[in-house]
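The block underneath contains the structure these notes are about, expressed in structure tokens.
Naming: A, B, ... by sequence-line order, numbering from 1 per chain.
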There are 2 protein chains.
Amino acid sequence: MSIVSIPAEIPAATRQSERLGELIEERIVTGVYPPGTRLDEQELADTFGVSRTPVREALIQLSSVGLIEIRPRRGATVPEIGADRVCEMFEVMAELEAMCGRLAARRITPGEQIALQEAHSACEAARDANTPDIYYQLNEVFHQRIYEASHNGFLVEQATALHRRLRPYRRLQLRVRNRMTTSFNEHQAIVDAITKGDGDLASALLRAHVTVQGERFADLVATLRDFKAGT
Amino acid sequence: MSIVSIPAEIPAATRQSERLGELIEERIVTGVYPPGTRLDEQELADTFGVSRTPVREALIQLSSVGLIEIRPRRGATVPEIGADRVCEMFEVMAELEAMCGRLAARRITPGEQIALQEAHSACEAARDANTPDIYYQLNEVFHQRIYEASHNGFLVEQATALHRRLRPYRRLQLRVRNRMTTSFNEHQAIVDAITKGDGDLASALLRAHVTVQGERFADLVATLRDFKAGT
DNA sequence: GGCGCATATCTTGTATACATAACGGTGATT
DNA sequence: AATCACCGTTATGTATACAAGATATGCGCC
């Protein structure tokens, strides 16, 4: 009855195009290929030392996730993601997280409660140490815990995917004044609500928590625009 | 200043793999390739009279949308979507639609109100004519109108995509007793709520409207299982 | 006769070659 | 001088060829 070792579910990406996809995605979100960049297949192939075939496959995959645009016979480009589009994405993200919170409040298991509390405490430590980068990472874990506590695998996938896509824009706000403290306080309220089993409250708090990020992003964009105009 | 004709934004799918993707998707959702089917690349290539390259590209695209599973070196298969997974998807769909409804109530334009009312009336006609197939199609239009009235392009995309993926399972419930009448009445309430600008109500109604579909699906599955067991 | 291992075959993954549409430049014409 | 047409170049889309892993078969061994 005791299966000692599960056959290791990690053979994973044996396919070159998959690794390529991640590499290119990395370069897109880190700004190595900024919006508007034209992605030449041959060029990418040379860069990564492979042929065009896997590159094409990677590009197609990225395009169907929405990270790049492929226009027939015109190649792939990193879309200029219009700030408004990003705001739209934050709006949806807020709702997905709210949903996770509502479900989590109803369905979270004792074990998951502990895991959530741990992630929360870790964030606290990072806040006290005033290490935004670490807080940022732990924050991701915290949210992931909530996703999982929703006990809806599909939702977890969707939320995780969108969270990933928004990462670069969230990152922009890392060093905003008092961001960590504010964020942590919000987390605290969210944890309480989930623990109490108050789904509506958890939902509302999470929605606000994420919506704020979207608004901050909008502010940032507006500021940048003014800055540009002023130059 | 007056550009008379915009260069026609509709060259679209010049890429064979894109058409292939749609064709294969069609065959998956219509049950030609039922869950568990192994999709042999060469076989598909022969079937559609093309080489393996576009087939592979199509498969990769389908896999990143979640319609098929590709395990490295082991080919593509139509996943056995577990009924529970479908229920999860309905749960998320309900929330996305609820969100569309809430936003639509706040943001819908007069023109969109008319369009929504038209779609609704069309459904009414189909109900009176007792033509479920037609009602089914018009129902899709109705929901699409609500999506669009949310004025969140990203949300529209996400909702549309998920709606598409759930289509086959929704289709199962086509001829349930009184389905059309019940559905239409719910639609009526939703239209009213949106028109009144009552976002919370529209949201709640839509969530229920879709959740019911998920539950119906679950019932159906349970029934089928009992039926099987009884045989 | 059952089990394990080596080999054979088949399918996927990658590279290369070829076809074709889009882009740019040059030249002629109005 | 400006515009349009034609042609050459370049990059994408597709087909084919090759490499390598996975599955299946058959043989030997226990």
Side-chain angles (χ1 to χ4, degrees), chain A residues 6-25 27-28 33 36-65 67-80, chain B residues 1-25 27-28 33 36-80:
Chain A
I6 297 170
E9 197 73 44
I10 330 157
T14 309
R15 214 173 52 205
Q16 202 118 16
S17 62
E18 230 167 298
R19 295 197 88 76
L20 274 178
E22 292 173 23
L23 286 174
I24 298 174
E25 177 181 343
R27 295 199 176 191
I28 291 175
Y33 300 145
T37 306
R38 197 180 151 61
L39 297 174
D40 186 276
E41 296 180 358
Q42 189 60 54
E43 201 176 309
L44 288 172
D46 296 342
T47 301
F48 295 106
V50 296
S51 90
R52 273 180 52 218
T53 310
V55 171
R56 274 184 67 83
E57 296 184 349
L59 291 181
I60 287 173
Q61 187 177 341
L62 290 179
S63 95
S64 55
V65 184
L67 253 150
I68 65 174
E69 277 177 2
I70 298 182
R71 292 187 312 177
R73 284 275 172 200
R74 296 192 174 180
T77 57
V78 181
E80 317 249 8
Chain B
M1 185 64 157
S2 75
I3 295 168
V4 178
S5 78
I6 297 169
E9 198 73 44
I10 331 158
T14 309
R15 214 175 52 205
Q16 201 118 12
S17 63
E18 230 167 300
R19 296 197 88 77
L20 274 179
E22 292 173 23
L23 286 174
I24 297 174
E25 177 181 343
R27 296 200 175 191
I28 291 175
Y33 300 145
T37 305
R38 197 180 148 63
L39 298 174
D40 185 278
E41 295 180 358
Q42 189 61 53
E43 201 175 310
L44 289 172
D46 296 343
T47 302
F48 294 106
V50 295
S51 92
R52 274 179 52 218
T53 310
V55 171
R56 274 184 67 81
E57 295 185 350
L59 291 180
I60 287 173
Q61 187 176 342
L62 290 178
S63 93
S64 55
V65 184
L67 253 150
I68 65 174
E69 277 177 1
I70 297 183
R71 293 186 311 175
R73 285 275 173 200
R74 294 190 176 183
T77 57
V78 182
E80 317 249 9

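Among the heavy atoms of the strands lying under 4.0 Å from B:Arg74 are primed sugar atoms or P, OP1, OP2 only; no base atom is included. Residue-level contact check: A:Arg56 touches the bases, meaning some heavy atom is under 4.0 Å from a base atom.
For the pair B:Arg15 CZ and D:dA11 C1', the computed distance is 15 Å after rounding to whole Å. Spacing between atom CD of A:Gln16 and atom P of C:dG13 amounts to 12 Å, rounded to whole angstrom units. When rounded to the nearest whole Å, the span between CG of B:Asp46 and P of D:dA15 equals 11 Å. Rounded to an integer number of Å, the gap from CZ of A:Arg73 to P of C:dT20 is 9 Å. Straight-line distance from the CG atom of A:Leu59 to the P atom of D:dG13: 10 Å, rounded to whole Å. The interatomic distance linking A:Arg52 (CZ) with D:dA17 (P) rounds to 18 Å, in whole Å. Whole-Å rounding puts the B:Glu18 CD to D:dT14 P distance at 10 Å.
Summary of the strand contacts: A:Thr53 and A:Ala76 both lie near DNA chain D, and taking for each the nucleotide with the nearest heavy atom, the more 5' one is attributed to A:Ala76.
Contact check, A:Arg38 against D:dT12: a side-chain N or O comes under 4.0 Å of OP1 or OP2.
With distances taken from any side-chain atom of B:Asp40 to the nucleotides C:dT14, C:dT12, D:dT14, the minimum falls on C:dT12.
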